[in-house]
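Inspection log for the structure reproduced underneath, given as structure tokens.
Since the model is a prediction, treat every value here as computed from it, not as a measurement.
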Amino acid sequence: MFRTVTRGRYALGAMAAATVAVLTACTSSVGTASSGADASSALADAITFTPVEMPASLRSASTGQSGWLVVPSSGTLPMVSVTVGDNSDGPAGVQTWTAIDGEGLVAQGRVAGAPDDVLTLDAAGGPQATAIVGTDVDGGRFASFLLTSTDRVTWTHVELDDATRSAQLGSVGVDATRIVAAGTGLNGRAPAAAVHTLGGATTTTNLTAPGDGQSLTISGVAVNGDHIVIVGALGPDGDVTRPIAYTSTDGGAAFTGPTEIASEPGEVSGVVWTGTEYLATGGAKESGWNRPAAWASADGVTWAREHVEFFGDETSDAGWGSDSADSTLRKPSVVDGKVAVAIDHDDSTWSYATLRDADGTWLPIPYWTAVMKGVGVSSSAVPWGDDGLIVVTQHWKAATQTFMKPGDVTQREITSFDAPFVIGDVHDLGGQIGISAYKPALVVDEGGGWRHTSDPGSYAFAPDGGIVEEAWGPADLATHNSPVTAADEETGSAVVAAGTTDDTGFPMHAWTRQGPEGEWQPAVGIDQNQQTFQNPTALGKTAHGWILAATTARTGAYDDARTATVWTSPDGLTWERAKGHFATDVGRGSGISDICELPDTPVAVGWSEDSAGVTHATAWKVVDGAWHLLTLTDSPGAKFTSCTVTEAGVRIAGNDGSRDKSWDTADLTSYTTAETLDEGSSRNATVEVPGGYVATGAVTTADFTGPVLWLSADGEEWDWIKIPSQSPTDWAQVHLAGEGLLVTATSGYHWAGGNQAWSVPDIGATLKALA
């Protein structure tokens with residue numbers, strides 16, 4: 001059915017902005033919903049995943065810590081922090097760090113009786129009890145767990161019934177008599193609240209579920225006797241959300257809501273009972289960006305926005321940075337009515353925190369923590385003494401503890417982490433399998449400027465030698481990141497494009513090799529053209545020539561829209577920037593994720609934003625020598641991710657804002673839905689192999705959640721088989737390697753030793769079982 005012209009995996013585009021042509025006919029018919037079935041026993045017997053040896057640089061010998069949720073001291077109980085600890089030698093588990101000396105956190109080790117394969121957790125406590133809730137993986141399925149303690153040193157695992165384990169608990173609140181946890185529920189199930197009476201039973205009550213096309217997040221629980229408040233955010237799939245709350249006045253037997261916390265778009269990080277009122281913290285959208293926000297309520301139903309002052313000198317290196325970047329109040333904590341909250345600002349290299357006094361006054365704090373952000377940063381703050389804060393900042397998988405009082409800021413390292421390289425993309429340059437990898441990095445220059453970037457790593461795969469550290473492609477690729485590649489199967493010619501950083505900003509370069517034995521030559525015409533930021537996103541060889549897509553911007557700043565841009569070349573050596581409209585005319589972002597073709601025009605697919613910042617699935621084609629943009633306007637939150645040539649035109653895969661789908665089109669004007677995957681299922685770009693097609697993806701069923709390998713003999717009917725990865729959140733890729741497959745997986749949550757790889761021999765023989 002498929003007629004594949006190019007092969008290779010293309011990275012998803014980033015943000016950008018130009019003009020829109022509206023598709024009036026989005027679908028002409030609706031296809032049969034399908035997600036494939038678990039592979040038959042015969043197929044399962046035919047598939048062998050053989051682990052591939054990898055060098056030490058792709059594994060980490062040290063333990064990484066994620067989460068760093070800090071519960072303040074209460075009565076005689078010390079402050080405690082709860083993390084997920086993981087390394088390459090075993091699954092991720094719950095670990096606690098207790099302030100044995102009254103202040104400094106000291107590791108207590110893994111919690112005995114806690115589950116393995118922990119993905120997420122939350123913690124809360126008071127003088128009577130402390131609770132940890134979260135979600136782990138049990139037998140291939142997501143499941144909730146609850147741990148309790150009366151001394152914050154020893155912990156008890158509470159047995160939960162099936163209804164509670166299925167609630168996907170992620171937020172918890174505690175008072176003197178009960179623990180209340182809440183979660184969004186597993187796939188297809190309603191959100192729920194679980195009430196555990198201290199020393200007694202646990203009951204679960206369903207919350208009102210979101211309607212069709214709506215998505216719900218739950219982020220916090222506060223308990224005040226029989227009065228319970230659960231907060232979160234609700235909104236259309238793929239669109240902006242609004243803060244909401246559920247309330248109970250009978251100890252959790254029944255809940256009302258959701259009711260709006262605020263009418264403006266925003267998000268909630270958590271909620272506490274201060275002793276006199278409920279306080280929720282998060283961010284509110286203003287001019288398209290999150291601003292720190294807090295809302296107070298006496299009953300959890302009627303809320304009032306509070307004014308939170310920015311602090312710090314905006315002109316200094318340690319100020320708030322750009323106003324055109326998200327800044328959000330994180331989860332609050334309370335001691336004797338005083339509320340501490342860390343602040344996350346996307347355009348600052350520093351961690352911040354602020355304090356709300358017991359009388360409800362937000363105190364301006366004229367200092368900041370002396371902790372520079374790394375990658376994957378998050379912070380948690382608790383009140384300390386009469387007028388201070390303790391802030392724990394996670395940077396990458398290490399953490400620092402900072403003590404803050406007016407005129408006094410001290411810090412100590414809690415733990416360090418030796419980060420491994422992380423597998424990025426796999427590239428096939430005509431039989432040569434190259435693997436790009438990276439280590440996240442923060443670069444700060446002498447003038448105080450900074451950027452998040454990564455150190456590149458280069459690896460190669462040979463079916464008989466595993467994955468080894470080896471350069472591939474052009475020599476200059478060693479200083480570049482995020483390469484995209486394509487090869488001409490008829491001539492053996494290949495092109496590589498990648499981004500880098502230098503004194504001019506973030507330029508992109510390309511190289512070409514004429515024939516499989518040719519020398520790599522730098523391409524010409526890929527100049528910056530007043531674009532400081534250039535990042536390649538897709539590359540393809542078509543009958544209309546080589547096509548290269550990138551996101552570009554005049555600067556690397558967050559507030560400068562990143563727009564899709566296209567270059568074309570007849571030979572891969574000399575390039576010319578293409579004319580056309582690549583984003584809406586309202587100055588919003590766009591990105592191209594894949595290149596293919598119709599008989600009369602090359603085709604690009606991806607996404608673009610409307611004036612409200614909502615994405616729409618978007619395709620481009622050439623008309624009268626210029627690229628024209630067309631969007632699926634009736635699918636907010638939708639994106640196209642890949643396209644494949646078919647006998648009747650092209651099949652485009654993507655997401656309609658709620659589910660993964662594929663569409664057939666002959667002209668990019670009218671579309672027929674070819675397939676709609678089950679909720680919770682996904683399938684990545686299709687790879688042609690001897691005897692059929694393969695793809696990676698993920699599925700969620702009653703019995704299994706995790707990455708899978710999809711297989712099809714004709715590109716129409718698909719079966720799947722589980723990939724034996726460490727985590728159900730692993731991101732998997734597949735590539736043809738000789739007569740077999742190379743399958744890789746990288747952990748989506750815990751990256752310490754999170755790289756895995758397998759070979760699957762003789763895929764053609766396996767696919768015959770499907771014919």
Donor-acceptor contact below 3.5 Å, side chain Q733 vs main chain G424: yes
Note, P55 side chain near F421 side chain (heavy atom, < 4.5 Å): no
Exercise: do D714 and S712 side chains pair donor with acceptor under 3.5 Å: yes
Backbone N/O of G492 and side chain of R513: donor-acceptor pair under 3.5 Å: yes
Distance-only donor-acceptor check, side chains T552 and T565, under 3.5 Å: yes
From S662, S593, C596, residue fulfilling side-chain contact (heavy atoms from CB on, under 4.5 Å) relative to C643: C596
Distance-only donor-acceptor check, side chains T537 and N535, under 3.5 Å: no
Distance-only polar pair, side chains of E688 and T686, donor-acceptor under 3.5 Å: no
Check: S759 side chain, L742 main-chain N or O, donor-acceptor pair, under 3.5 Å: no
Donor-acceptor contact below 3.5 Å, side chain W620 vs main chain H581: yes
For H509, ring-ring contact (aromatic ring centres under 6.0 Å, His included) partners two or more places apart: H480
T532 side-chain N/O to G505 backbone N/O, donor-acceptor pair under 3.5 Å: no
Parallel, tilted or perpendicular: rings of F640 and Y671 (30°, 60°): parallel
Donor-acceptor under 3.5 Å (S590 side chain, F582 main chain): yes
Pair K541 + E490, salt bridge at N-O below 4.0 Å: no
Partners meeting ring-ring contact (aromatic ring centres under 6.0 Å, His included) with W546 (sequence neighbours left out): none
Pairwise distance CZ(F461) to CD1(I433) - rounded to 0.5 angstrom: 8.0 Å
Non-neighbouring partners of D660 that pass salt bridge (Lys or Arg N to Asp or Glu O under 4.0 Å), sequence neighbours left out: none
Min side-chain heavy-atom separation T479-P456 under 4.5 Å: no
Pairwise side-chain contact, L668 with L598, heavy-atom cut-off 4.5 Å (strictly under): yes
Flag, side chain of T512 to backbone of L573, donor-acceptor distance under 3.5 Å: no
Donor-acceptor side-chain pairing of H616 and T631 below 3.5 angstrom: no
Polar side chain donor-acceptor pair, S482 to Y438, under 3.5 angstrom: no
Exercise: do T672 and D664 side chains pair donor with acceptor under 3.5 Å: no
